[in-house]
Structure formats: structure tokens, C-alpha cells
Amino acid sequence: MPSKSSARLAALTVAAVCSAASTVVLTSPAHAETVRIHDLQGDTRISPYAGEQVTDVTGIVTGIRTYGSSRGFWIQDPAPDADPATSEGVFVFTGSTPKGVAVGDAVTVSGTVSEYVPGGTSSGNQSLTEITRPTFTVVSGGNEVPAAVTIDERSVPDAYTASPNGSVNALPLRPAEYALDHYESLEGMNVRVSDTRVVGATDPYTELWVTVKPDEHRNHRGGTVYGSYDAQNTGRLQIQSLGRAADFPDANVGDTLAGTTSGPLDYNQYGGYTLVATELGTLQDGGLRRETTREQRAGELAVATYNVENLDPSDDTFAAHAAAIVNNLQSPDIVSLEEIQDNNGATDDGTVAADRTMAALIDAIETAGGPRYDWRSVDPADKADGGQPGGNIRQVFLFNPDRVSFTDRAGGDATTPVDVTKVRGKAALTLSPGRVDPASAAFDNSRKPLAGEFVFRGRTVIVIANHFASKGGDQGLTSQYQPPSRGSEEQRHLQARAVHDFTAKILKAQKNADVVVLGDINDFEFSTTTDLLEGDGTLWSAIKSLPKSERYSYVYQGNSQALDQILISPSIRRSHAFSYDSVHLNAEFHDQISDHDPQVLRFRP
């Protein structure tokens, strides 16, 4: 029989409907004897009761969330049906910290069934079935929590999802065939993983990523490599905790969450399916250490790219960045730095100069035992290059004047484009440093490429530093739309074409010119962006010289992937006298000073 609170909710519904237009059809609230949790969840991603009121839905409380904007508790039916596609768990959204309920309570819940989309409908995320505006009654306490369902390499299919080129919401779930369907069929239920390897380090929001498939695209450092759009790595799973943030482990890639980690399976804006742990495994150190590249030989030019993540004078990371450049990168001759901010960082007062930022870094490098570097850049126009508002990030050339010289040609500013000319039969830049096509729509609200001429042992090397448009706004891998939209690619494609065409002008002026195009490309080595940059042999991404398992510079949602690249002209590639190293010192570690790993190319001009 419905409780008093259920009856009151039903009465309010009737009153509201009766006051509306006469054409409104009243749908009576469903009742507990006919509606259980698996009925609410149904066998698709959208509840057949979405938007309807239900009364006296029964379940055992399996977890309570008392923090954040999504407060409430999970309940699970201890008497499941025989359909593997229908989940037996659901989240009860209370909005504020739930009172009078504890894990193990048997409850009846009345409220409205809702499909909540974390991040909003524009995000493309899947929805989470919830009971909202709830009233509930505790029937008994101290009940056994339903046994957790094991998620492991045997249970999770290798195929990611059906690919209808559209929304998967209406498709019947096939949990034995598709990984996303498998996770969706467990939404809200108590699940467990055991002895899982960490593939995404703990971040400031106290979450990490593990894999339940130990051999899935594993590399020698313990990560899971993302090597194509068709291999989404179905074993990845995000882990959060219902415990205190202070108790969450500081994990690196390659560590292990030993023993059992269990709790309700949630879906959130930042990563999709997430095990919210009521029981957290014990962290075991995997022994991961930061890499150090070898020192360049006397006849080798070492060129590096390093995204220093919004570095400005107020930061406390200068000494750490300096140690990385001197010790881990072995003091490269030229470093393309990305995300150098202006002299007062995010303060939005029109400041664009970055001389204080660079002076602090150069001093720190010298203190760390490195050379006394020099630098060149072009200040951006205020708030024209994207990034953190007021920060005015830009690329900077850092170079060791004891090893290389910079060819200065005056006139480079925020809006004047650099061009290519010939000087004594050799390709030369009209401005050095200069910006590539700064007025092009390709670089609206994005960093403009920085070009400069260097001379090493009498040979000219032209370097073009880049920081392409970010992936912000793209749909996640767990999107309801499959395949997910990657709308941010459009701008990167335009940027890639612009840089490719500029490089082609250099090579037209001098076929055997040594050109290095590098930076945070914000796209993969197998992407169309990289294909457009490379063109028909104009450039080649040297990270492809590494084994596939080593091609990464960034870890996102448990996928180790290549966003930072160094591309080389045919003269450098043909010489076979180059070496490439992705120096893993940040992306895999919880105490990273940047979210990117630097890349180093050594060659003999």
C-alpha cells in the first residue's frame, strides 16, 4: 500500500493536472507492486517511466553521497529479474545531504523518474536515470547490501558500442556484445573490481582511472595506449570515492589498487561510467620513475617542445620546470615552450609582455646547473589568443646561445605575417621571430604559430612553434552519440593546412631546407590534423619513429595518447641521423608540474 507521503505526492500531482487545460491526460502514478527498479531502468538507456511519478519503489541503500551538487543515495533491488539488460540500481537525487538514511536500510521511495544529463544536453553525454523530488520511508535497517557484480576482462566485451551514426539512446542494450551497453546495464548497481592497474594518475579532483583488462594496449610503463579511433580501450574505468578526500590514494600510472574496490556505478560529466567506491583497494607502488633522455652529441642539434601549463611569475613551479629541462631533457639547444603567460598571469589588465616570466625561468635553469638560455617570442594582442582569460599564453623559443645562434630580423609583431624569401639561394624568413598567418580565421581566439631562424654549425634550421586549438567541446568517448562528434577538429584542420602551406613555401624556395614544426598539436599522430600537416611528404611526424606503445605525451581518462609532436622536413628524415624521445616525466604522475610530457628530437643538420 502507498505510504502517506506517496499519497500526498500523488494528490499534489492530481491537483496540478486538474488546474491545467482540459486536454491534459492524467497519467496515474505507478505503484510498487508493479514497478521495481529494473522496470524503471528498462532495457534501453532511457527509462520507460521518464517524466512519470512512481510510488513505493523498494530497494536497499548501497551508498550515500553527501558532497557536491549531486547529493543523494543509491538503492538496489535485492531480488533481480532475469534480464541482464535491466539494471537493478538507481540513484535517488535529494539535492541536499540525505537525512535519516544509512547504508543497509531497506527503503521505499516515491518521486519523479528523471533522465539527468551530466554537463547538459549540449555535452552529448548519456543520461543518468534518477528518482527526483523524492520522499522515502525506512522500512528496516542493517540489511545485507546486495552483492557487488564483478567487472573484469571476462565480463566487458571488446567491442565498444554499436555505431548507428547517431544517438544510441533508443537501442536495446546488448551487454554481452558491447562495452558501453555492459556498463549501462549496471548503472546504479553495486559493482566491484579487483587488483586493477592504474592507467590514469590521481588528479586534484580525487579521481583516478584503472583498467580491468591488464593486456589491453599495455605499454612498458603500465599505461593503456590510445592508438586509433577504433580502439577505445574498453577496460578503462574511472574510480572516485564516497570517503574523505584526504583518504584517497595518490596514485601514478602503473600502480595497483590491490584487493577489492566496490561501490555504485555512476555516470558523470567528466569521464562517463565511474565506480564510486564505498570500499577502496590498497595502493601498491608500481615503481614508476621519471624518464631522462640522453644528452645530445657535439654534432647533434637537440630541439624540444614542452607545454609548461600556464606558467606565470606567481607560480611555484619554476625550479621544478628548470630541473626537468636541465636534468630530464639534458638542456636541449632549442626548446619550444607552450603556455607561457604574461607578466601577471590571469590578471586581466591589458598586460601582454612576458619578460618577467621568462627571466624567472632562465634564472631557475641557470641555478639548476643549466646554460644561460636566451629567448625570442612575439607578444600576442590582448585576449586574442585564447587560453586562460587575461593570461595571454604564447609560444616562446628558448635557446642556448653557446650552441646555436638566432637570426634576428626586425618587424615581427602580433599582426604582421611572416613570409618566405631567398637569401643567396637559401630559404629565409622575412621576419624572425614572426607569426604565421596571424589574421587567418584558422587562428581566431587561438595561438598563432611562431617561426624563427636558427644557425647551428653553419647550417640554417627553421623552427615553427605551434599550439593548436584545444579539444574543448568535443563529445566524450561515452557520449550517447556514436561515433562521438569531434567538432574542435575543424579549426585544427584549418591550422594544419596553414602551417603545412607555409612549410611548403620554405621547401619550394629551398628543397633541402631543414625545417622543424613542433608543439602542442592537440591531436593524435594518426589524426586527420597530422595528415594535413604532413601533406604529401612535406613533413613527417617523428613520433612515428617510436614503437606504437611509446607514442604518447598525455594521459586523458586512462588513455595514453600523443598530443605533442615534432614534425620534420624530408632533408632531416632522409638523413636517418635523427633520434626521437617522448620523455615521460609529467603525464603519468599525480604530482605533475604540467599535464604534458616534453618531446626531444636530435639530428645532424
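We're numbering straight along the sequence, starting at 1. Please read these numbers as outputs of a predicted model, since none were measured by experiment.
When the salt bridge (charged side-chain N to carboxylate O under 4.0 Å, His left out) test is applied to Asp81, no partner is found at least two apart in sequence or on another chain. Looking at residues two or more places apart in sequence or on another chain, you find a salt bridge (charged side-chain N to carboxylate O under 4.0 Å, His left out) between Arg65 and Asp266. In terms of the salt bridge (charged side-chain N to carboxylate O under 4.0 Å, His left out) criterion, Asp203 has no residue partners (sequence neighbours excluded). Contacts of Ser194 classified as side-chain contact (heavy atoms from CB on, under 4.5 Å), with partners at least two apart in sequence or in another chain: Arg192, Thr260.
Counting heavy atoms of neighbouring residues, nucleotides and ligands inside a 6.0 Å radius, atom CZ of Phe526 exceeds 12 of them. The environment of NZ in Lys548 is sparse: at most 12 heavy-atom neighbours from other residues, nucleotides or ligands sit within 6.0 Å.
At a cut-off of 3.5 Å, with distance as the only test, a side-chain donor of Gln341 or Asn310 sits close to an acceptor on the other residue. In the model, Asn586 has no side-chain atom that pairs as donor or acceptor with a side-chain atom of Asp597 under 3.5 Å. Under 3.5 Å, the side chains of Glu338 and Thr305 contain a donor-acceptor pair of N or O atoms. For the residue pair Tyr267/Thr478, the side-chain donor-acceptor check at 3.5 Å is satisfied. Side chains of Ser582 and Gln599: a donor on one and an acceptor on the other come within 3.5 Å. The closest side-chain donor-acceptor pair between Tyr273 and Glu187, if any, does not fall under 3.5 angstrom. With 3.5 Å as the limit, one finds no donor-acceptor pair spanning the side chains of Glu279 and Thr261.
The side-chain tip of Lys471 points at the ring of Phe524 from less than 6.0 angstrom away and within 45° of straight on. In this structure, Arg290 satisfies the cation-pi test against Phe589, with its NZ or CZ atom closer than 6.0 Å to the six-membered ring centre and inside 45 degrees of the ring normal.
Among residue pairs with one or both ends in residues 188-225, none qualify as ring-ring contact (aromatic ring centres under 6.0 Å, His included); sequence neighbours excluded.
Between Thr529 and Arg492, the closest side-chain pair of non-hydrogen atoms falls below 4.5 Å.
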N/O donor to acceptor pairs below 3.5 angstrom from side-chain atoms of residues 90-99, sequence neighbours left out:
unit_1: Thr94; atom_1: OG1; unit_2: Arg71; atom_2: O; d: 3.2
unit_1: Thr94; atom_1: OG1; unit_2: Ser96; atom_2: O; d: 2.6
unit_1: Thr97; atom_1: OG1; unit_2: Arg71; atom_2: NH1; d: 2.9

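Ring-centre distance between Phe136 and Phe73: below the 6.0 Å cut-off.
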